[in-house]
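In what follows, a single structure is set out as structure tokens and then discussed.
Below, chain A is the first sequence line, B the second, and so on; all start at residue 1.
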2 protein chains.
Amino acid sequence: MRSATLHPLPEGGSRVMKPARRMGPANSETRMAMLDATERVLRDEGYAAVSSRRIAQEAGLKQQLVYYYFHTMDELLLATFRRRTERALARLRTTLESDHPLRALWEMISEQSVAGLSGEFMALANHHEGIRAEVTRYVEESRALEAQVLSRLMPKAQAGSPPLSAAALSMAMSSISQTLARETETGITSGHADIRAFIAWCLERFDPTEKSHS
Amino acid sequence: MRSATLHPLPEGGSRVMKPARRMGPANSETRMAMLDATERVLRDEGYAAVSSRRIAQEAGLKQQLVYYYFHTMDELLLATFRRRTERALARLRTTLESDHPLRALWEMISEQSVAGLSGEFMALANHHEGIRAEVTRYVEESRALEAQVLSRLMPKAQAGSPPLSAAALSMAMSSISQTLARETETGITSGHADIRAFIAWCLERFDPTEKSHS
DNA sequence: GTCTATACACCGATAGAC
DNA sequence: GTCTATCGGTGTATAGAC
């Protein structure tokens with residue numbers, strides 16, 4: 001994948017207008033197949049493998065057809081990410097309606113696929129303008145959603161306890177779950193069992209189950 | 001960057017032996033310039049931008065010269081990573097000799113460049129065999145080093161406190177510092193101030209300064 | 001909407017002269 | 001050690017027929 005910023009502007013064209021190539025509709029089945037293919041390649045082979053040829057092959061289509069539905073490869077990537085974040089946010093909202101939102105949240109973000117999603121987005125954002133904006137929007141919104149719900153679980157800050165706000169808890173949980181997932185996939189295990197025990201302790205403390213302590 | 005696994009084996013060649021192309025020495029100035037250039041391109045433009053042509057340009061050399069010093073681009077990437085991890089481990093050992101090893105460790109891994117290193121390595125490892133092994137070795141070794149030192153700071157597990165082992169603490173610290181660094185670079189700030197306050201509380205608890213409490 | 005044909009740049013890697 | 005020359009493959013993207 002080379003960046004879209006590399007291809008030159010059309011001669012005499014303005015910076016904003018495209019030379020008016022035809023474009024397919026947003027609700028097309030073929031278009032959706034391309035988004036699906038992009039997700040698969042992205043997850044299995046990394047973003048460097050996302051090319052018009054590779055995606056067309058994955059979807060069983062011709063390479064040039066990609067450019068009927070998307071102006072550039074960047075646009076395809078961005079569309080794929082947007083669809084994904086919308087679904088992730090919808091699922092997050094449902095998850096947070098659980099009777100045990102903290103536990104439900106931890107279980108959800110601990111899934112390899114969910115953790116991998118956020119991780120890949122963040123990695124991509126480093127060198128990709130459009131994705132960066134989308135990632136920022138997604139992370140800020142999900143953190144706000146989580147903090148809103150979690151704050152109800154932790155109203156009392158005791159003297160001997162750490163000053164852990166809901167937003168900080170949300171941030172810590174997502175970073176630890178992502179690292180756990182990523183390291184597990186890589187084959188790293190040091191400290192994993194211990195930190196899972198620590199998390200279990202915290203879950204019990206802030207969101208106790210029926211067989212509650214004392 | 002395409003993977004080295006894509007180029008075919010030489011006709012009749014074994015899986016192990018290369019066709020004996022000439023190779024330059026390991027201590028060459030030119031070779032080091034290539035490693036430096038690779039680090040720079042990697043950090044500034046991402047690993048997808050690491051090509052023999054781009055690296056040669058960055059180092060002011062001819063593209064084909066890369067193949068005098070490295071058999072493949074994968075080998076160049078790997079050599080760059082190895083040099084980096086060796087330096088990082090050396091610095092970690094020095095840092096852990098501090099009078100306040102926990103604080104020193106947190107300050108070190110909180111540096112944007114250090115956090116970015118580990119993060120980029122992990123991202124690359126996902127789809128790159130050789131790097132994965134190197135990343136695993138590096139993370140396991142640094143976590144063992146940290147746990148060894150940190151375990152001396154936290155011998156007493158109190159009843160009302162979370163069961164946080166040294167290895168778990170090391171793992172939590174690295175994941176949070178990496179996420180903080182990555183998000184900061186992306187422009188995300190939610191929860192950052194709160195979690196920094198939480199970390200400060202933990203540092204004071206496990207590794208108190210002179211103006212100690214009680 | 002999907003096809004063929006095609007442009008042009010960049011990629012990894014090699015051969016062999018100097 | 002560094003050079004020139006070169007190979008086949010892949011990349012983005014467009015034009016225009018059907």
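Whole-Å rounding puts the B:Q57 CD to C:dA9 C1' distance at 14 Å. With rounding to whole Å, A:H71 atom NE2 is found 11 Å from D:dA13 atom P. The interatomic distance linking B:K62 (NZ) with C:dA13 (C1') rounds to 17 Å, in whole Å. One atom, CG of A:L65, and another, P of D:dT12, lie 15 Å apart when rounded to the nearest Å. Between the C1' atom of D:dG11 and the CD1 atom of A:I55 lies a distance of 12 Å, rounded to the nearest Å. Rounded to an integer number of Å, the gap from A:Q64 CD to D:dA15 P is 13 Å. Distance B:Y67 OH to C:dC11 P: 10 Å, rounded to the nearest Å. Whole-Å rounding puts the B:L76 CG to C:dC11 P distance at 14 Å.
Taking every side-chain heavy atom of A:S52 into account, D:dT12 is the closest of D:dT12, D:dT2, C:dC10. Listed candidates were D:dT10, D:dT6, D:dG1. Nearest to the side chain of A:R53 is D:dT10.
Counted by atom type alone, B:S52 and B:Q63 present one or more donor-acceptor pairs between their side chains at under 3.5 Å. In this structure, a donor-acceptor pair under 3.5 Å is absent between the side chains of A:T184 and A:Q112. For A:T85 and A:E134, the side-chain atoms include at least one donor-acceptor pair closer than 3.5 Å.
In this structure, B:F70 reaches neither bases nor backbone, as no heavy-atom distance under 4.0 Å exists between it and the strands shown. Using a 4.0 Å heavy-atom distance criterion, B:T30 is classed as a sugar-phosphate-only contact.
The pair B:D207-B:R152 does not meet the salt-bridge criterion, since no charged nitrogen lies less than 4.0 angstrom from a carboxylate oxygen.
For D:dT2, neither phosphate oxygen OP1 nor OP2 lies less than 4.0 angstrom from any side-chain nitrogen or oxygen of B:Y68. At least one side-chain nitrogen or oxygen of B:S51 sits closer than 4.0 Å to the OP1 or OP2 atom of C:dC11. Contact annotation: A:Y69 side-chain N/O to C:dT2 OP1/OP2 distance is under 4.0 Å.
Taking NE2 from B:H192 and CE from A:M171, the interatomic distance works out to 4.0 Å, rounded to the nearest 0.5 Å.
Toward the 5′ end of DNA chain D lies the nearest nucleotide of B:P25, the other residue of the pair B:P25 and B:Q63 mapping further downstream.
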